[in-house]
Amino acid sequence: MTLIKSISGIRGTIGGKVGDNLTPVDAVKFASAYGTFLKNNTSKEKLTVVIGRDARISGPMIHNLVVNTLIGLGINVIDLGLSTTPTVEVAVPLEKADGGIILTASHNPKQWNALKLLNEKGEFLSGDDGAKILEIAEAEAFDFSDVDNLGEITLNDAYMDIHIDEVLNLPLVDVQAVKDAKFKVVVDGVNSSGGIIIPNLLEQMGVEVVKLYCEPNGHFPHNPEPLKEHLTDISELVVKEKAHLGIVVDPDVDRLAFISEDGEMFGEEYTLVACADYVLSKTPGNTVSNMSSSRALRDVTNGHNGKYEASAVGEVNVVELMKKNNAVIGGEGNGGIIYPELHYGRDSLVGVALFLTHLANKKIAVSALRASYPEYYMSKNKIELTPQIDVDAILTTMTEKYKNEDISTIDGVKIDFANEWVHLRKSNTEPIIRIYTEAPSQKEADTLALRIIDEIKVIAGI
């Protein structure tokens, strides 16, 4: 099954059969359901939706289908064209729009695309709203507009620049300090829109930029998930160029990873840790990440006398808990920074600006900054799902087996041992079970992961 409907939106592979993949028919159907949902929940005569896309090869096709579907529903569209997820999130409230759609499959390979759906605040829809849209889609309960009441398209390609301005105007972003530091940075934009917006941001902060894979043609030069095994090219180039660091983003620019000056990974989990350390040093308060994220954020938050809490996985869940706990910063351990001072969404631009300000203030190398944080190591694994695997039964069995440990079942099963933890959950975005572990050493994290995977395979009979 390669068409996945969840609170993260609707995503699938391009081509194939209707209902099994993200075909043109499915794109129209779900755009129709979203537009109908908006119309059902307003008394306004005319609605407006902001739309942007990443640089995927299928982007223009899906983009045209979705835009014209909304026009057919009588909804006006502000078309940002090539954009990023956080840029669309910033644009929705600035345009006083009623919602937004980002056409991107985030870190998935090039054959995937998706509709990510936003509310009038530029935030991801709640699970309840997502469920209503799926019901409308299932029933095909659409009512299109007559010829005199079609929507209109307004093109606006200025929002990547507007987004950069909004970031640079944040009180905690010190452009002068970064300029004075005279940083040299290598950027891997994975041939998507990050290849435009991140170098532009850096140049406005006085950074010397070396571009790698910054041509937004949708031909991803490596697996677009910013993990160590996919980033050998930038790691080598950082050392060769004698750069201060490397910056890597995913295709829609909501995940951020850094490479230290020695070519080593800063650690995707530590992107949020470093940014939070800086923000908490200036504005004390609370933090939130999801329960698959590193314990290091908890430790750093405690060090600043703040309170840390963990949410279920999924940006909408992190944001909900951040609002509840008045978190000054939060996000996800996959390199997703959520800084409410600008907006409640994962934003690599905010992450880059805060991180560089932090580094400029510290006046130390990136490797030294990384060494200043608590040492934890993660092992991220997955098991491909087949129709025969009963995930719920597996999770129930594991919960029973480890019932004497500290267990949370808010999202799958998380088992907290004294010095390590494991989190098992069914992915929102792929047909897999994720198995994340963390421990004080890589060997311990890997060993725990292998043990748990073996136990799952025995339970599942695979």
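Side chains of Met378 and Glu268 form no contact here, defined as non-hydrogen atoms less than 4.5 Å apart. With a 4.5 Å cut-off on side-chain heavy atoms, Leu3 and Asp20 do not count as touching. The closest side-chain heavy-atom distance from Asp277 to His304 is below 4.5 Å. Put simply, the side chain of Arg434 does not reach to within 4.5 Å of the side chain of Ser292, judged on heavy atoms.
Within the 3.5 Å criterion, the main-chain N or O of Phe417 finds no donor-acceptor partner in the side chain of Glu420. Judged by distance alone, with hydrogens and angles left aside, the side-chain atoms of Asn290 form no donor-acceptor pair with the main-chain N or O of Glu332 at under 3.5 Å. Judged by distance alone, the side chain of Lys362 and the main-chain N or O of Leu369 form no donor-acceptor pair under 3.5 Å. Looking only at distances, a side-chain donor or acceptor of Asp347 sits under 3.5 Å from a matching main-chain atom of Leu349. The backbone N or O of Ala296 lies less than 3.5 Å from no partner atom in the side chain of Tyr270, so there is not a single donor-acceptor pair. Between the Ser348 side chain and the Arg255 main chain, a donor and an acceptor come within less than 3.5 Å of each other.
Here the OH-CH2 distance, from Tyr376 to Trp421, works out to 11.0 Å after rounding to the nearest 0.5 Å. Atom NZ of Lys121 is separated from atom CG of Leu118 by 13.0 Å, given to the nearest 0.5 angstrom. Rounding to the nearest 0.5 angstrom, the gap separating the OG atom in Ser408 from the NE2 atom in His423 is 7.0 Å. Residue Asn21 holds its CG atom at 4.0 Å from OG1 of Thr13, rounded to the nearest 0.5 Å. Residue Leu82 holds its CG atom at 5.0 Å from CD1 of Ile196, rounded to the nearest 0.5 Å. Annotation: the span from Ser193 atom OG to Met160 atom CE amounts to 6.0 Å, rounded to 0.5 Å.
Atom CG of Asp454 has more than 12 heavy atoms from other residues, nucleotides or ligands within 6.0 Å. Under a cut-off of 6.0 angstrom, the local environment of CD in Glu405 is crowded, with over 12 non-hydrogen atoms contributed by other residues, nucleotides or ligands. Surrounding NZ of Lys39 are more than 12 heavy atoms belonging to other residues, nucleotides or ligands, all under 6.0 Å away. Heavy-atom neighbours of Lys457 NZ from other residues, nucleotides or ligands within 6.0 Å: at or below the threshold of 12. A 6.0 Å sphere centred on CG of Asn419 holds no more than 12 heavy atoms belonging to other residues, nucleotides or ligands.
Using a cutoff of 4.0 Å between basic side-chain nitrogens and carboxylate oxygens, Glu320 and Lys324 are not scored as salt-bridged. No salt bridge links Lys132 with Glu135; every basic N to acidic carboxylate O contact stays at or beyond 4.0 Å. The pair Lys380-Glu225 does not meet the salt-bridge criterion, since no charged nitrogen lies less than 4.0 angstrom from a carboxylate oxygen. Between Glu315 and Lys116 there is no salt bridge, since none of the side-chain N atoms of the basic residue sits less than 4.0 Å from a carboxylate O of the acidic one. The pair Lys401-Glu455 meets the salt-bridge criterion, since a charged nitrogen lies less than 4.0 angstrom from a carboxylate oxygen.
Across every non-hydrogen atom of Arg346 and Gly336, the tightest pair is CD-CA, 3.6 Å. Annotation for Leu321 and Glu309: closest pair CD2-CB, 4.0 Å, computed over non-hydrogen atoms.
With 3.5 Å as the limit, one finds a donor-acceptor pair spanning the side chains of Ser58 and Asn113. Side-chain N/O atoms of Asp252 and Thr85 include a donor and acceptor closer than 3.5 Å. Inspection of the Tyr308 and Ser289 side chains reveals an N or O donor paired with an N or O acceptor under 3.5 Å. Remark: the His222 side chain and the Asp188 side chain contain an N/O donor-acceptor pair separated by less than 3.5 Å.
A side chain to side chain contact (heavy atoms under 4.5 Å, CB included) with Tyr34 is found for one member of Leu125, Val66, Ile136, Leu115 and no other, namely Leu125. Across Leu359, Ile259, Val238, a single residue satisfies side chain to side chain contact (heavy atoms under 4.5 Å, CB included) together with Leu245, and that is Leu359. Results of the side chain to side chain donor-acceptor pair (under 3.5 Å) test with Ser106 over Asp54, Asn334, Asp250 single out Asp250 as the only residue that passes.
Using cut-offs of 30° and 60° for the angle between ring planes, the Phe355 and Phe258 rings count as parallel.
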From CA spacing to verdict: side chain to side chain contact (heavy atoms under 4.5 Å, CB included), Lys29, Phe142: CA-CA 9 Å; Lys29 181 176 173 179; Phe142 319 132; 4.1 Å; yes
Step-by-step salt bridge (charged side-chain N to carboxylate O under 4.0 Å, His left out) determination, Asp416 to Arg295: CA-CA 11 Å; Asp416 264 299; Arg295 277 184 182 175; 2.8 Å; yes
